[in-house]
Amino acid sequence: MSLTTDIGRRIELVSMDSHFHEISIGLYRQQGTQGPEFLVHTYSGLDGARERVEFVTRTMVVLGGMEAVEGDGRRARFACNSSHDFACRRVFLESCKWDPAVAVEPKPLTIFDRKSDGNVTVSSLVDGAYRVTGELKSDRAKKRRTAIGAGLVKLGEMEWLEGDEERFAFPCRHSHDKLVGLLLIRALNVRGVEREQQMALARGQLLAPSAQKQ
């Protein structure tokens, strides 16, 4: 059995890590005893590579509201036992971008939106539901909040709740406030995220040690 099969199915790749010698780092989904788990892995044999992927994993735990898998500093999971693959990919990418010199803190559920010229807030409701609210009450601001909600639904693979034009939730129906706070930043510009994803598809594959920079 190949190493790639052993470590699970790769769902995302950073081909050149700008914070650590441009090594390649991949995110792999595995099936754990309680549900899906995510492994942050690199083939690089450079000194410090293991510590680098462990930092990325810890950052995912903080930014995405995930749980560290006991006994391995490279694995994390969602407490709801769901995979949330698409959202987890975003958590991984943002964690790889995070400057190690900066303290890691979760993102708030309120952000300033330039297009509506005011703050927007994602309100966490009962039964894992969310709604986008804002300071301004104009029709333009309302349409913008609807667009931001649609962006969150797309980025998180969430669902609009039946009979309600404003509320949405993850399929697991659990609250993921830290994850939503992280996705909110990107929900303001979903087209930019889509362009980034298209560029990612054109990047290279995760390299074996012999092909990594030494």
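If you're wondering where the values come from, they're calculated on a predicted model, not measured in any experiment.
Within the structure, the salt bridge (charged side-chain N to carboxylate O under 4.0 Å, His left out) test picks out the following pairs touching residues 167-176 (sequence neighbours left out): E159-R173, D164-R167. Contacts classified as salt bridge (charged side-chain N to carboxylate O under 4.0 Å, His left out) and involving residues 174-184 (residues at least two apart or in different chains) are not found. A salt bridge (charged side-chain N to carboxylate O under 4.0 Å, His left out) check over residues 30-46, counting only residues at least two apart or in different chains, returns nothing. For residues 41-56, the pairs satisfying salt bridge (charged side-chain N to carboxylate O under 4.0 Å, His left out) are D17-R52, R50-E54, R50-D72, with sequence neighbours left out.
A single hydrophobic cluster is not seen to contain both V153 and L161; linkage of ILVMFWY side chains at heavy-atom distances under 4.5 Å, directly or through other members, places them apart. Following chains of ILVMFWY side-chain contacts shorter than 4.5 Å, one cannot reach F92 starting from V69, and the two form parts of different hydrophobic clusters. A chain of hydrophobic side-chain contacts below 4.5 Å, direct or via other Ile, Leu, Val, Met, Phe, Trp or Tyr residues, connects W160 to L183.
Taking each heavy atom of G151 and A187 in turn, the nearest pair found is C-CB, 4.0 Å. When all heavy atoms are compared, the tightest approach of V91 to S95 is O-OG, 2.7 Å. Annotation for A169 and G128: closest pair CB-O, 3.4 Å, computed over non-hydrogen atoms. Minimum heavy-atom separation, F78 to C88: CE1-CB, 4.0 Å. Annotation for G134 and R145: closest pair N-CD, 3.4 Å, computed over non-hydrogen atoms. The two residues A68 and V61 come nearest to each other via the heavy atoms N-CG2, 3.8 Å.
A donor and an acceptor atom, one from each side chain of Q30 and R75, are located under 3.5 Å apart.
For the pair T146 (side chain) and K142 (backbone), a donor-acceptor distance under 3.5 Å is present. Looking at R140, its side chain does come within 3.5 Å of a backbone N or O of K115 through a donor-acceptor pair. Put simply, the side chain of D127 never gets that close to the backbone of A129: no donor and acceptor are under 3.5 Å apart. With T42 contributing its side chain and S24 its backbone, the two residues share a donor-acceptor pair below 3.5 Å.
Put simply, NZ on K97 and OG1 on T59 are 14.0 Å apart, with the number rounded to the nearest 0.5 Å. How far CZ of R114 is from CZ of R144: 9.5 Å, rounded to the nearest 0.5 Å. Note that CG of L184 and CD1 of I148 are 7.0 Å apart. Values are rounded to the nearest 0.5 Å. From E157, atom CD reaches atom CG of L152 across 13.5 Å, with rounding to the nearest 0.5 Å. How far NE2 of H174 is from CG of L179: 13.5 Å, rounded to the nearest 0.5 Å. Here I11 contributes atom CD1 and S83 contributes atom OG; the two are 7.5 Å apart, rounded to the nearest 0.5 Å.
Considering only heavy atoms from C-beta on, L13 stays 4.5 Å or farther from L27 through its side chain. Counting heavy atoms from C-beta outward, T57 and L39 have side chains that stay 4.5 Å or more apart. Counting only heavy atoms from C-beta outward, the side chains of D99 and H19 approach each other to under 4.5 Å. In this structure the side chain of R58 never reaches within 4.5 angstrom of the side chain of L63, judged on heavy atoms. Side-chain contact between Q31 and P36 is present, with at least one heavy-atom pair separated by less than 4.5 Å. Using a 4.5 Å cut-off on side-chain heavy atoms (C-beta onward), Y130 and V180 make contact. Side-chain contact between E94 and L182: present, with at least one pair of heavy atoms (C-beta onward) separated by less than 4.5 Å. Within the 4.5 Å cutoff, the side chain of M66 has heavy atoms near those of the F38 side chain.
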Item to complete: May I have the step-by-step check of side chain to side chain contact (heavy atoms under 4.5 Å, CB included) for F20 and L46, ending in yes or no?
Response: CA-CA 10 Å; F20 190 80; L46 287 174; 4.3 Å; yes

Item to complete: Take Y43 and I23 through the test side chain to side chain contact (heavy atoms under 4.5 Å, CB included) and record every step on the way to the result.
Response: CA-CA 8 Å; Y43 287 115; I23 65 171; over 6 Å; no

Give every donor-acceptor pair under 3.5 Å between a side-chain atom in residues 102-111 and any protein atom, sequence neighbours left out.
from : atom 1 : to   : atom 2 : distance (Å)
T110 : OG1    : T121 : OG1    : 2.8

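Partners of F170 according to the ring-ring contact (aromatic ring centres under 6.0 Å, His included) rule, which considers only residues two or more places apart in sequence or in another chain, are H84, H176.
We find that R90 and E12 are not joined by a salt bridge, their nearest charged nitrogen and carboxylate oxygen being 4.0 Å or further apart.
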